[in-house]
Amino acid sequence: TPYGATYTDYSTTVPPAYLALGQTYPVSITIVSTGSVYSGYCEMYIDYNHDGVFTEPAEVAFGAAFSSSATVLTGNVTVPLTAVSGTTGMRVIVRESGTAATVTPCGTYSWGETEDYLVVLAPQIPFDAGVISIDEPGFIQSENSTVPVVLSVKNFGTNTLTSIPVAYEANGGAPVTFTWTGSLAPDDTVQITLPDVTVLADSNDICAYTMVVNDSNLFNDQKCAFFYGLPPAIIFEDDMENGTQLYTDAPTLWEHGIPTADVINTPHSPDNVWATVLDGDYPNSASGYVYTPNISFFGVSGAYLAFYYWIDAEENSDGGFVQYTNNNGATWSSLGTIDDPDGFNWYDSYASGTPAWTKATNGWKPAYIKLDVVSGFSIVKFRFGFKSNTANINNGFAIDDIKVLGPPAAIDGGVVEVITPSVSTVAGQQVTVSVKITNYGSSDLTSIPVTYALNTGFPPQNGTWTGTLAP
């Protein structure tokens, strides 16, 4: 939104949004400025009755205040069942120092912006179903694996549906079809699992859609998504649960636990995260880090660092970032650059001169970057940093579900479980030691030496399993 008492008509240059009567849709409005940003108010209007006049309060679709820092306003728009179907106008107004009382559809102001758009209001019909989300595959998958496709499908119509044909197309392949049967009442949602999709290396795209007979509201049938196939071997992982392998040098800034602040208030995966002050805002002039343990990349190339992050900070001033060292901390270097071509969602701006994430995410976002810069080094450590300036504080930076992924080695076996002895045994009685082993590599294993040791001083015992264990 340009910010300076201007008017822009997008009704002929931006395609109209399609909205169904009686449905609720998310809305996001970004407040930006070429200079200082002041507090104010934003209001959105839709001409529901097509009379050419935006009427308050009946046609106020959304309204929210914004603060003196650059802001993304989010909320929902519910289209009333009484609205007239067809193409109609939508207006968005941002006014500096405005309030819900002073912002009007045709008012005057010194600083702000008015923008006009078109929307298409679609009528309710008897048979109308659509995919509202692609729940699986998740963002990060193992390349060359097969994973199920899980969709959430909603009945937008007025009749109960007992059969819903659905399909998906992935990576330019042929449609994969499936027909769900059951009973889905109007406005209800059902989760449907379709046959597996094969994950390709790097970027994958998928579109899923319904094919209900007599459904003429085609605009809400389809959803598309993308996911990434990264190397399958886990070199390092910390989901923050049952303790954490990370540690901090700034315990008053970085905290591990359940986030309960006013913005960053949920984990990516239950229950714990690392965050800058779990229950509130970071302080001014803050600086501190969360460190990984040493990780070896000896003989490893093509590895990735992947994780989820949430940022709520003063844009272009305060933010989070990642650094690495390959010389035991003698020097630290920035991992990647803004919009790094070897990464995804990697840095969006500068935090006081450091490439960083400073722009509000309004929730968890995935990020990854290729780690060619540390290939071959035996001792590598990463640290997640945050710093702030002397003014304006927010919730800050949170991270969750960190993984370092690499390609599988040809020969790689490991113990995944000690089966016996179990929790307790009888003193002095001999017990057979049995373990479960897994082939993590890419080649068959026919001989696996195994050793166990006790904390009693009993000498290590060796054995060799033979057979054929496939990857």
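We use all heavy atoms of the structure for the numbers below, so side chains are in, but hydrogens, waters and symmetry mates are not.
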### Message
Please tell me whether Phe307 and Phe384 form a close aromatic pair, meaning their ring centres lie under 6.0 Å apart.
### Response
yes
### Query
Between the side chains of Asn394 and Asp281, is a donor N or O closer than 3.5 angstrom to an acceptor N or O?
no
### Message
Check whether Trp364 reaches the backbone of Ala398 with its side chain - one donor and one acceptor, N or O, closer than 3.5 Å.
### Response
no
### OG on Ser388 to CZ on Phe397, rounded to 0.5 Å
13.5 Å
### Query
Does one side chain, of Tyr109 or Thr114, offer a donor that lies under 3.5 Å from an acceptor on the other?
yes
### Query
For Asp188 and Asn155, does a side-chain donor sit closer than 3.5 Å to a side-chain acceptor?
no
### Query
Does Ser301 use its side chain to pair, donor to acceptor, with the backbone of Ser375 at less than 3.5 Å?
no
#### Entry: Whether Asn395 side chain and Val263 backbone form a donor-acceptor pair below 3.5 Å
yes
### Nearest non-hydrogen partners of His50 and Leu121, listed with the distance
NE2-CD1, 4.3 Å
#### Entry: Within the 6.0 Å centroid threshold, strictly below: Trp357 and Tyr347
yes
#### Entry: Between Arg383 and Tyr291: side-chain donor-acceptor atoms closer than 3.5 Å
yes
### Summary
Shortest non-hydrogen pair, Pro355 vs Ile338, comes out as CB-CG1, 4.2 Å
### Task
Give the ring-plane orientation class for Tyr228 versus Phe139, where under 30° counts as parallel, over 60° as perpendicular and anything between as tilted.
tilted
### Task
For Thr244 and Asp238, test the side chains for any donor-to-acceptor distance below 3.5 angstrom and give the result as yes or no.
yes
#### Entry: Worked verdict on Val27 versus Leu73 for side chain to side chain contact (heavy atoms under 4.5 Å, CB included)
CA-CA 8 Å; Val27 61; Leu73 304 178; over 6 Å; no
#### Entry: Residue that, paired with Ile46, satisfies side-chain contact (heavy atoms from CB on, under 4.5 Å) out of Val60, Val119, Val79
Val119
## Note on the structure
Shortest non-hydrogen pair, Gly385 vs Tyr289, comes out as CA-CD2, 3.5 Å
### Task
Give me the ring orientation class for His256 and Trp274: parallel if the planes are under 30° apart, tilted from 30 to 60°, perpendicular past 60°.
tilted
### Task
Of all the heavy-atom pairs spanning Asp221 and Ala129, show the shortest one and how long it is.
OD1-O, 3.1 Å
### Message
Less than 3.5 Å apart, any donor N or O on the side chain of Glu43 or Tyr45 sitting next to an acceptor on the other?
### Response
yes
### Atom of Phe297, atom of Val374 and distance for their closest heavy-atom approach
CB-O, 3.4 Å
### Message
Which label fits Tyr304 and Tyr368: parallel for a plane angle under 30°, tilted from 30 to 60°, or perpendicular past 60°?
### Response
perpendicular
### Query
Between atom CG of Asp318 and atom CZ of Phe386, what is the distance when rounded to the nearest 0.5 Å?
5.0 Å
### Task
For Thr8 and Glu113, test the side chains for any donor-to-acceptor distance below 3.5 angstrom and give the result as yes or no.
yes
### Query
Looking just at side-chain N and O atoms, do Thr74 and Asn362 make a donor-acceptor pair shorter than 3.5 Å?
no
### Message
Hydrogens and angles aside, do Asp135 and Ser152 bring a side-chain donor and acceptor to less than 3.5 Å of each other?
### Response
yes
### Task
Could you tell me whether the side chains of Lys387 and Thr354 share a donor-acceptor contact shorter than 3.5 Å?
yes
